[in-house]
Structure formats: C-alpha cells, structure tokens
Amino acid sequence: MFPIIVANYTPTPAEVLQETNDVTNLRALITDDKRVGRSAGLNLTEPMLWNKRRGGSRVTAGCLIFFFFFSAFHVTFAAASSGTVSQSQDDKHDVHNNQLDLREIVFIIQSQRNVFHVRQAERRRTDLLKQAHGLTEKPPVVLLLHSLSENEGDWSILPLLPDLSYSFGRNSSWIVFLEEETNVNMTNLVQVLVKFDKNKEWFLGKPLRDQESTIIHHYAFAENPSVFKYPDFAAAWALSISLVNRLAKKVKDEPLKSDFTIDLKHEVALYIWDNGKGPPLTAVPELCTEPADSPQARHCATTLISEPPLCGEPVHKEDIFVAVKTCKKFHSERVPVIKETWEKDALFLEYYSDHDDPSIPTINLGVPNTERGHCGKTFAILQRFLSSSVPNTKWLLIVDDDTLISLHRLRALLSCYDPSDPVCLGERYGYGLSQGGYSYITGGGGMVFSREAVVQLLNSGCKCYSNDAPDDMVLGMCLNALGLPVTHSPLFHQARPEDYPRDFLAHQVPISFHKHWNIDPVAVFNKWLRDESRPKPSAGLNKSTKTEL
C-alpha cells in the first residue's frame, strides 16, 4: 500500500466516525480477498498499513481507503467550461463531458532520497493537498516516488508500473507524474484532464523533439529525429489508467530489454510508443515550463519555479577541490580550453595525468593511462583527496579534461546540500535497473562528492577490478552496496548543448556540458556557462577539438 499524508486539514467528528467505519469495512474486504489471503492483517497505528513484496520491491496499498466505501462526493469539471484544446493532425481526440473526481487522480512526485530533495517534494505534496482541500474534502492521492519501495530502479518508472496498476488500476483514472520544481494549478489541470476520455489510452505531456540524432538517444530516428516526441518531465506528464494497466501487463510478461537508463523521458516514450503499437505523446499546451510569474503562464496548468534553488550563501571557493583527469595526448588540446574558460574560478585545482608536465602543471599518480574506464585514476584521486597532500575541503569535484563547467553555479547549487551527509551529485544514469541493478553518476558531466561520501566509499573497501574499469559505474556499484543514494541534477550534462532539445535547455541554468566534438568549446562556455558578472574575454581558442577518448 502507498502511504497517504494529508496536510493542513482537520476532519469533522462525523467524518472521523465515517472513516472509522470505512477502515473497518476495508479490513473485512482485505481479509476476504483471495489475492491477499492470510497476509492481510492491518496495523492501523502504522503509516503503511499493508505490505506486499513482489520481485524485490515493496509497495503499499493503504491508499485504497480513499477509493472504497467513501461517500460519493464528486468535484465535477465539464469540458465545455474549460476552453478549447489545441489539436494537430496526429493529436486529435474527442472532447468528453466527463466527470472527474479528484480521488481518481494519483500524483507521483519524482522525488529523491537526499534530505534537500525530500524536503522539496514534501512542500510540493503539501501544496497539492492544500489546493485539493479548497475544492473538496476528498483529496487525491499524492505519493513521493523515492518512498514507494526499496527497489533502486523505481526512479526509472517502468519497473514500478505493475505495482501502480495493482494498487490503482480499478479505481483511478489518471496517474500524473511531476518533478519537485513543478508548480501545479489543480483546477486548471483537472480541466485539462477532463477533456480526454479517461477510458482510453492517453499519454499526455509537453513534447520535446531532437533537432539532430544524438548519442544520448542511441541515434534513434537518425533520418528525421524531430518526428519523435517525448515529454518534458518538468512540465508534468500523465498516463490514463487504461494505458498503465496494459503497460503493467507488458512489463510483467516481457522483461525490460534495455541495460542502460540514460535519458529516462525519451526511453519511457519509446517504450509506450512501442514501434507504433502504442500511443504517441499527445501534446497538451496547458502543461508548461513557463516561470510561474510569467504573463504567458496564465493559461497553464503547470509552471516552473523561475529561479534555480539557492538555499543560502553559495559555498566558498575554498570549500571545493577540483580534480581534472587528463593524459599526455590531450595536454595541448583540452587543457588550454579549461585554462581559457573555467579554471580561474577554482581556488584549488589539480590536473592528473600519466605524464609530468610542469607547464600546466600535471600530477602523475602512478596509474598508466587507459583508453577507457579510468577507474584506477579516479580511485587514486579519491585517496589523494583524503590525504594531507591537498587542502582539506568539504567537496570534491571530478571532471574530464573535456568537461565545461560553471563553478559559480555549482557553488550556488551546493548551498542546498549538507557536506556532513554522504552526498554524491551529478547526472544520474542507471544500469540493469529492472533486474536489481544500480544508479551511477555519469562522469563526463562532473561527479561531486562530499567528504563524508568519499570517506564511506574508501572505508568500505570498494576498489577497481581493473585500472580501465568504468570508474563511474564502479562507484555506482559501491554506492548501491553501501545504500548511499545517487542524487540527480538535470543541470549536469554528459553531452553537448546540441544533443539536447532547445525547449529543454530553455528553462535551465545549466552547470556543465561535456565533449568538444565538432564545436568551439570556448564559444559554448561563453554562451551557456559564463558568469554574466564577469566580462567575456577577447578572442581565445577558436578551433574545434575533434579528437575523442
């Protein structure tokens, strides 16, 4: 069962009596349910009333209380009163005079286990429930993704679908996913959903399209990348329950095939579309990524917080130690780009190479260069970070020599995290998530570790199985074994700006990009990452560096 938390609402005595009777009835129902059998005892003093385990995950079904035996109080939204819906040739649908009870909507906030993100998600849940209580005394279900089960792969959504179908498949109409930063206008959102026949399969969202085929999408639709639409998660996205039920059966019957989870929004859309056998994404213009205070947001059901999070003063320069991984063959190509762009923003920075070069200078850690992986070098950096050879700082940033990064923005972001916690921050990827795999921070966008995280990693005995093992994936395996969360930020990027949709980057203040292939890296830094308070330099390095690891 899923835990339900209702904020800022005090029931009347009559409602308390009614809910007591309802719980009694539910107890009898579950006890008699053949699917549950003898395992259905309820402990009404616990927030999670009933646990079931299937395939290593724990889900909760207590939210069914909100669906059974309640009096039939409905909030009705007629499509005719909510304006028109934009339509295109491939997105036609009928407008239905539906009635939609708020209890038919399940909101899932795509939350994370880090303390800061839990707090952000709880604020979002409180806001949703507060709005709902202004409309009805029977609120929707609002769940935090990170708390639904112990399965690490649940953040990738697809492994969770069978559990969502089991708990909500008969009594709900919509499952709406949103991010911690997504503002929701409850009235506008329901007015949007009521326009769609809830008994049909719908996949709703704000569409993103690739301008060119990209490695992060495995060069899908190479001949015409813009033909495929996938949702911008920041605008929220929704699945009708009939679609959830069918997909859940597919997930159970056919094991998920992809080993890697790289860009979740694209991969979810591909899975739903299923080579044309499933529904494509239907564009909903009311699902927006406009700033909440923008005049353009008046028609929107969702908006975004207009500024990136800042939880206090940015961390000081002396709190961050920067480690750059390089090698001899890139000393003349990539290191000058760093010196031209972001090196000057680092107080403590060292270049680690397989060759001593006093002109940079570089440090040879005694680990031979490898064509891929770099695990030996990364673990040597972790050990050096805890040694007396470098300043004692709160944070360690490890980057490649072709990473472009804004240290100014990173320092602002780190104000939201406690360095005494084991924080591991960057762009999150996944490996084998549907088969009990693990998450990891992809290295090219930058890997950020608190000192406590490095201490726990090294004290655990975690080490490389070879010098050329993939360092980011080995670290992910170690973190998974320790039970330490990988914290995702969409502001770190494993690829170039050209590899992401313009609409996706339009509402970001990015922290990093990666790779110099077929671009002018200095121009990219100046356009996307430069601190505007600093004057731009005169003409610097203008040649494109095309050599890649």
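Predicted, not measured: the structure shown is a model, and the values here were computed from it. In what follows, residues are counted from 1 in the order of the sequence shown. Any value given below was found using the heavy atoms of this structure, including those in side chains, with hydrogens, waters and symmetry copies removed.
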Inter-residue atom distance H507.NE2 - K206.NZ, 0.5 Å rounding
5.5 Å
Between W237 and Q110, is there a side-chain donor-acceptor contact under 3.5 Å, judged purely by atom types and distance?
yes
Would the distance check show the side chain of T302 and the main-chain N or O of A235 forming a donor-acceptor pair, the cut-off being under 3.5 Å?
yes
Non-hydrogen atoms of A346 and V322 that approach each other most closely:
CB-CG2, 4.1 Å
So, do F228 and H217 have ring centers that fall under 6.0 Å from each other?
no
So do the side chains of R409 and L491 get within less than 4.5 Å of each other, counting heavy atoms only?
no
Could you check whether E179 pairs with K265 (Lys NZ or Arg NE/NH1/NH2 to Asp/Glu carboxylate O, under 4.0 Å)?
no
Should the pair W395 and Y417 be assigned to parallel (<30°), tilted (30 to 60°) or perpendicular (>60°) ring geometry?
perpendicular
Decide if atom NE2 of H316 counts as having more than 12 heavy atoms of other residues, nucleotides or ligands within a radius under 6.0 Å.
no
Using only atom types and a distance under 3.5 Å, with no angle test, would you say the side chain of T126 pairs donor to acceptor with the backbone of E122?
yes
Electrostatic pair K325-D471, nearest N-O below 4.0 angstrom:
yes
Which word best sums up how the rings of H266 and F221 line up, parallel for under 30°, tilted for 30 to 60°, or perpendicular for over 60°?
perpendicular
Taking only Lys NZ, Arg NE, NH1 and NH2, and the carboxylate oxygens of Asp or Glu, determine whether K339 and E343 approach each other closer than 4.0 Å.
yes
Once you round to the nearest 0.5 Å, how far does CD of Q112 lie from CG of L425?
8.5 Å
Nearest 0.5 Å please: distance from the CD1 atom of I405 over to the CD1 atom of I511.
7.0 Å
With a 3.5 Å distance limit and no angle check, can you tell me whether R124 reaches the backbone of E180 through a side-chain donor-acceptor pair?
yes
Is the shortest side-chain N to carboxylate O distance from D345 to R411 below 4.0 Å?
no
Short side-chain to backbone donor-acceptor contact, T362 and Y351, under 3.5 Å:
no
With K229 as the cation and F203 as the aromatic partner, state whether NZ or CZ is under 6.0 Å from the six-membered ring centre and within 45° of the axis.
no
Above 12 or not: heavy atoms from other molecules or residues under 6.0 Å from CZ of R502?
no
Counting distance only, does the side-chain N/O of D319 pair as donor-acceptor with the main-chain N or O of T393 below 3.5 Å?
no
So, is the end of the R125 side chain (NZ or CZ) under 6.0 Å from the ring centre of F107 and within 45° of the ring's axis?
no
Just checking, is any N or O donor in the side chain of Y230 or D210 under 3.5 Å from an acceptor N or O on the other one?
yes
Please confirm whether the backbone N or O of L158 pairs with a side-chain atom of S156, one donor and one acceptor, at under 3.5 Å?
no
Any donor and acceptor pair, going by atom type alone, linking the side chain of N459 with main-chain N or O of Q456 inside 3.5 Å?
no
Side-chain donor-acceptor pair under 3.5 Å between S353 and H331, yes or no?
yes
Tell me the closest heavy-atom pair linking Y219 and S213, and the distance in Å.
CD2-OG, 3.7 Å
What's the separation between atom CD1 in I157 and atom CD1 in I272, rounded to the nearest 0.5 Å?
10.0 Å
For the ring pair W528 and Y500, is the centre-to-centre distance below 6.0 Å?
no
Check for a donor-acceptor pair, side chain of R496 on one end and backbone N or O of W517 on the other, with a separation under 3.5 Å.
yes
Are any non-hydrogen side-chain atoms of F116 and V423 less than 4.5 angstrom apart?
no
Sequence neighbours excluded, which residues qualify as disulfide (SG to SG under 2.5 Å) partners of C424?
none
First locate atom CZ of F513, then atom CG of L505, and finally report the distance between them rounded to the nearest 0.5 Å.
5.0 Å
Test of ring centre spacing under 6.0 Å for Y429 and H488:
no
Exam field: side chain T341 to backbone V522, donor-acceptor pair closer than 3.5 Å:
no
Backbone N or O of E498 within a donor-acceptor pair of the Q211 side chain at under 3.5 Å?
no
What distance do E333 atom CD and H516 atom NE2 have between them, rounded to the nearest 0.5 Å?
10.0 Å
